[in-house]
There are 2 protein chains.
Amino acid sequence: MATGRTHRPATRSRGIPEATVARLPLYLRALTALSERSVPTVSSEELAAAAGVNSAKLRKDFSYLGSYGTRGVGYDVEYLVYQISRELGLTQDWPVVIVGIGNLGAALANYGGFASRGFRVAALIDADPSMAGKPVAGIPVQHTDELEKIISGNGVSIGVIATPAGAAQQVCDRLVAAGVTSILNFAPTVLSVPDGVDVRKVDLSIELQILAFHEQRKAGEEAEGEPAAVPPAARPGASAAADGRKGPDGDVPAVMPA
Amino acid sequence: MATGRTHRPATRSRGIPEATVARLPLYLRALTALSERSVPTVSSEELAAAAGVNSAKLRKDFSYLGSYGTRGVGYDVEYLVYQISRELGLTQDWPVVIVGIGNLGAALANYGGFASRGFRVAALIDADPSMAGKPVAGIPVQHTDELEKIISGNGVSIGVIATPAGAAQQVCDRLVAAGVTSILNFAPTVLSVPDGVDVRKVDLSIELQILAFHEQRKAGEEAEGEPAAVPPAARPGASAAADGRKGPDGDVPAVMPA
DNA sequence: ATGTCTTTGTGAACACGTGCACAAAGATGG
DNA sequence: CCATCTTTGTGCACGTGTTCACAAAGACAT
């Protein structure tokens with residue numbers, strides 16, 4: 001989910017709808033698996049099942065790329081793998097830097113799926129001087145001071161932010177100033193970036209909260225009619241005693257006017 | 001992005017649109033920050049800026065929850081924090097298990113944002129017997145054999161899968177069979193689950209691929225007109241020599257008929 | 001060749017999400 | 001109590017995404 005102010009004003013990027021772009025990697029993964037099993041062709045129905053979408057959607061998605069199928073037969077696996085890879089820009093090398101080598105940053109550095117598809121971890125950067133030189137996933141961590149040098153020296157255009165929330169915006173600004181134009185943000189903050197820079201966000205806590213919402217809904221459906229186990233809640237007085245009191249996280253305000 | 005066959009057939013869950021639900025955690029985070037600074041009220045304009053959305057959208061989102069604002073003034077921060085928390089089900093405790101304590105699983109276990117909002121890591125589970133008993137983030141890892149016992153014993157309804165792709169579906173099946181109805185999947189696979197189970201997916205590699213697509217597009221715009229640095233690509237013969245050859249990842253098929 | 005059968009590619013209808021723009025609600029000052 | 005000013009809540013129009021359903025393309029057998 002792109003969050004930064006910038007992510008194409010919903011305009012289809014060169015004719016391919018954003019929703020389709022987001023599914024291409026899914027298709028690619030399914031196709032790669034087929035390719036490894038030396039399956040020569042696949043129908044939209046089969047491939048859709050493997051990718052977890054419905055077949056009409058898949059066909060429409062592919063239609064944006066061109067007419068790559070053969071009626072009565074299906075799609076040529078190898079050919080499609082190549083076309084999608086090319087469309088996604090995976091036929092070229094993408095050097096990536098990871099900033100913030102804590103628990104998460106280190107896990108990302110070790111993540112295999114990174115290297116597999118044209119993404120090469122060019123450098124690991126951390127603000128802690130005592131980390132400098134220490135190898136993580138076989139790559140020595142460098143200090144934040146080197147950030148600009150690393151970016152321009154390696155022609156890095158994609159940066160991954162895995163710092164604490166407080167440092168994220170500052171790191172982001174430096175990355176962008178140094179020439180990075182795509183950012184994958186793991187810090188729980190909204191980043192603001194200039195036009196032309198893409199930001200995508202991965203936020204564990206948000207995902208869990210969305211699940212909790214649905215989970216609660218499911219539970220509520222079973223016990224329908226019950227007015228919820230939760231207290232009726234307080235409506236703060238219009239401008240009255242808007243009493244800034246708050247219990248220690250999770251507690252509820254205790255006013256109850258209007 | 002929910003992927004499992006199941007994620008409400010696009011039906012608004014009890015009147016609140018899915019897109020709105022996905023933004024509530026964002027608002028909540030911004031509101032919590034304001035609350036900590038003891039700001040009593042906030043306008044839709046200010047809050048929208050803090051959450052990185054536009055104000056009309058925010059007002060419409062809130063309108064699904066009810067009329068919680070005061071015209072001419074704005075929203076009461078404390079009250080709104082409570083209402084959104086309640087709506088998301090964060091006023092109750094959600095025990096969570098993490099399955100697969102590798103690099104990523106361990107990072108997740110250590111992630112602070114977990115505990116902060118009602119999510120409690122009830123157990124860590126791994127298939128490796130040599131991990132059993134070893135504490136990660138202060139919690140002893142338990143063996144997969146205990147999975148069912150742990151789920152039912154703790155009333156766990158949310159599971160996090162951080163195993164290798166190959167094990168994910170199997171783990172998923174066991175979680176579901178044991179009573180889990182919401183799954184956050186970090187493994188790069190499409191999980192299939194029965195109706196009534198929600199799956200959300202977090203996939204690093206997919207995020208990067210989407211960024212690469214846009215990155216490539218940007219680069220292409222600068223050098224407009226250029227027929228792309230990539231070879232024109234091969235169209236496989238209809239049923240002819242569909243020659244299963246493939247270069248070592250990144251190489252391109254070499255046929256060129258039709 | 002011709003007919004049958006499979007599967008693609010897409011027009012058209014529909015559902016969903018977004019953003020504008022403004023009326024109505026309420027605060028605030030005189 | 002009235003006028004003014006601010007800010008919410010929402011009707012409406014528009015764009016995007018999804019799904020259906022079917023004509024046309026091609027494979028394959030006879």
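Sequence lines set the chain letters: A, B, ... in the order given, protein chains first and strands last, and positions in each chain run from 1.
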S.K.: For the side chain of B:V73, starting at C-beta, report the closest nucleotide among C:dT8, D:dC20, C:dA27.
M.R.: C:dA27
S.K.: Does a side-chain N or O from B:S44 land closer than 4.0 Å to OP1 or OP2 of D:dT8, or not?
M.R.: yes
S.K.: I need the CZ-C1' distance between B:R59 and C:dG19, as an integer number of Å.
M.R.: 10 Å
S.K.: So if I take every side-chain heavy atom of A:T70 and compare against D:dT8, D:dG26, C:dT8, which nucleotide ends up nearest?
M.R.: D:dG26
S.K.: Can you identify which nucleotide, out of D:dG9, D:dT8, C:dG17, has its nearest atom closest to the B:S67 side chain?
M.R.: D:dG9
S.K.: Which residue, A:G72 or A:N54, contacts DNA chain D at a nucleotide closer to its 5' end, judged by nearest heavy atom?
M.R.: A:N54
S.K.: Might you work through the side-chain contact (heavy atoms from CB on, under 4.5 Å) test for B:I206 and A:R29, ending with a clear yes or no?
M.R.: CA-CA 9 Å; B:I206 285 181; A:R29 181 174 293 153; 4.2 Å; yes
S.K.: For A:T70 and A:V73, indicate whether the former's side chain and the latter's backbone hold a donor-acceptor pair under 3.5 Å.
M.R.: no
S.K.: Has the side chain of B:R71 got a donor or acceptor that lies under 3.5 Å from a partner of the other kind on the base of D:dT8?
M.R.: yes
S.K.: Provide, to the nearest angstrom, the distance between the CG atom belonging to B:L58 and the P atom belonging to D:dG9.
M.R.: 10 Å
S.K.: Quick one: do A:L47 and A:V53 satisfy side-chain contact (heavy atoms from CB on, under 4.5 Å)? Show the steps, please.
M.R.: CA-CA 9 Å; A:L47 184 53; A:V53 302; over 6 Å; no
S.K.: In whole Å, I'd like the distance from the CZ atom of A:R23 to the P atom of D:dT16.
M.R.: 15 Å
S.K.: Let me know the distance between CD of A:E45 and P of C:dT8, rounded to the nearest Å.
M.R.: 8 Å
S.K.: So which of B:Y79, B:F62, B:Y75, B:Y27 actually passes ring-ring contact (aromatic ring centres under 6.0 Å, His included) with B:Y68?
M.R.: B:Y79
S.K.: Does either side chain, that of A:E78 or that of A:S35, offer a donor lying less than 3.5 Å from an acceptor on the other one?
M.R.: yes
S.K.: Round to a whole Å and report the spacing from CD of B:E18 to P of D:dT18.
M.R.: 13 Å
S.K.: Has the side chain of B:K60 got a donor or acceptor that lies under 3.5 Å from a partner of the other kind on the base of C:dG17?
M.R.: no
S.K.: When the distance from CD of A:E46 to P of C:dT7 is rounded to whole Å, what number comes out?
M.R.: 8 Å
S.K.: Measure from CD1 on A:I16 to P on D:dT16 and round the result to the nearest Å.
M.R.: 15 Å
S.K.: Report which part of the nucleic acid B:F62 touches: base, sugar-phosphate, or nothing (heavy-atom distance under 4.0 Å, all strands).
M.R.: nothing
S.K.: What integer distance in Å separates B:K57:NZ from D:dG15:P?
M.R.: 16 Å
S.K.: Between C:dG19, C:dG9, D:dT8, which nucleotide has the shortest distance from any of its atoms to the side chain of B:Y75?
M.R.: D:dT8
